[in-house]
Structure formats: C-alpha cells, structure tokens
Amino acid sequence: EIVMTQSPAILSLSPGDRATLSCRASQNINSNLAWYQQKPAQAPRLLIYHASTRATGIPVRFSGSGSGTEFTLTISSLQSGDFAIYYCQQYHIWPPSYTFGQGTKLEIK
Amino acid sequence: QVQLVESGGGVVQPGGSLSLSCAASGFTFSNYYMHWVRQAPGKGLEWVAFIRHDGSGKYYPDSVKGRFTISRDNSKNTLSLQMNSLRPEDTAIYFCAKDMYEYSGYDAGGYFDSWGQGTLVTVSS
C-alpha cells in the first residue's frame, strides 16, 4: 500500500497569507496525485489533479506542484472561505488501490 | 449539473448487513467509473470500493474485501454498496463519488470530481 503523509497537521495563518501544504508518498507515484478541500459537514471538493491541473471552477490562487514522492499545494492569498481541511490522494496503482493523506487543517490565526 | 444522492444509511448491530444506494443524474452514468469513499467521525477519508463503467471490474481495499460488494445498474443510473459482517470500525459517513475520467477505451482516472452529500452508517449494539 502506498502511504501518503501530509504536513503540517495544522496550519494557522491569517487572511491574505500564503499557505504551503505538503504531501509525501511512500513510493514514486509520478504525477498521479489529487488535492481536495473539505469544509465542516460538507463533501470533499476536487481542487487539483495530475498534481498541478486545477479542476473546473477552482480559483487561480490554488496551485499544485511536485512529482515522484513530494508534492505541494499552495494557496497564494488566503480568503476566509479557504479555511478548511485539505487532503491529498494518490491514484498511481492499477488495479485501483487509492489512498488519502491524513489531512492538513488550515485554520485562522 | 451532476447530482449524486445517497440513501440507505442507519444503525446496525455488529455482524449485520446494510445496503446503500446512490442515485446519479446530470451525466452519462454508464460512461464513468464510480466509487464509494467513507469518513469515520472526526477522521480522514478512506476509499472503499471501485467499479468500472460497465461493471466488469470491481476493487476494494483489504479493510473491506470479502465483506463489501459494489454494483451498478446503468439502466437506472444507480450505484449500490452491499455491506455484510459489519464491524464497529465501519461506522462512517459513506460518500458516493464519480470518477472524473470518462471511459475512452483504456483504464485511467482515479480522482473524484463529484460527490454526494453522504449517508451515515453506525455499527453499534
């Protein structure tokens, strides 16, 4: 099983700050990585796939980078609605054996 | 617009069974892989089942393999999850999720661009 490790567990920032969230895979997954945002009592929302492609309707302040085992989600200037939990997910293996990171909670400082 | 609506959650005793359904609309259901993803209370996300667009391939993680069965009815645009031998650790919100990849002759995708609102399954005596 590919283990996904996110850091930090909690990130405390202010509106307008730049947020940098990290995700590490236990083995090479090329660019087969997605990022999701989840707000309380809501389903997750796809932000990024193929490590750096924004999903439909996702603002340009969200960007993804990385390949292999190290990945980053950057939010360039935080808005109030961005404070949520963020998950990374790998989809490298066939047949499917998808795994998520444990999440990073982005909270208001 | 894509809509996924889950139903069937509830309280069940350990060792019991439950069947979940997901009604899909707003897209050509038969062209897309579908998944179930769960989230235990206060915890992260766990993928629990996958089915190919035509139902020809089904995959599960070890945590549910042999106990859960995913199926679909493309004539009714419905996805299902039959859960047997339920354990307290299966307690979670179960989400139906659509794969972003529209089948085009080869296997791909694996990321989820639409989700239902979830249905809560509680396994407790």
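When reading the values below, keep in mind they use all heavy atoms of this one structure, side chains included, and skip hydrogens, waters and symmetry mates. So that the names make sense, note that chain A is the first sequence line, chain B the second, and so on, each numbered from 1.
With R72(B) contributing its side chain and H53(B) its backbone, the two residues share a donor-acceptor pair below 3.5 Å. Put simply, the side chain of Q117(B) never gets that close to the backbone of V5(B): no donor and acceptor are under 3.5 Å apart. Between the side chain of Q6(A) and the backbone N or O of G103(A), at least one donor-acceptor pair lies under 3.5 Å.
Your options are P96(A), G101(A), A41(A), and the one with the most heavy-atom pairs under 4.5 Å with chain B is P96(A). For the options D107(B), L45(B), D113(B), heavy-atom pairs under 4.5 Å to chain A are most numerous at L45(B). Comparing A97(B), G109(B), A108(B) by heavy-atom pairs within less than 4.5 Å of chain A, the highest count is held by G109(B).
Both the backbone and the side chain of Y111(B) come within less than 4.5 Å of a heavy atom in chain A. Contacts of F112(B) with chain A are made by both backbone and side-chain atoms, with heavy-atom separations under 4.5 Å. With a threshold of 4.5 angstrom between heavy atoms, A55(A) does not approach chain B through any atom at all. Using a 4.5 Å cut-off between heavy atoms, H50(A) touches chain B through its side chain atoms alone. Heavy atoms of E46(B) lying under 4.5 Å from chain A belong exclusively to its backbone. Contacts of Q90(A) with chain B are absent, with no heavy-atom separation under 4.5 Å from either backbone or side chain. Contacts of Y87(A) with chain B are made by side-chain atoms alone, with heavy-atom separations under 4.5 Å and no backbone atom involved.
Between the side chains of S125(B) and Q13(B), no donor-acceptor pair is found at a separation under 3.5 Å. Checking Q89(A) against Y36(A) by side-chain atom types alone, a donor-acceptor pair falls below 3.5 Å.
Inter-residue side-chain proximity for C96(B) and W36(B) is flagged as met; some heavy-atom pair is nearer than 4.5 Å.
With salt bridges taken as basic N to acidic carboxylate O contacts below 4.0 Å, none links D90(B) and R87(B).
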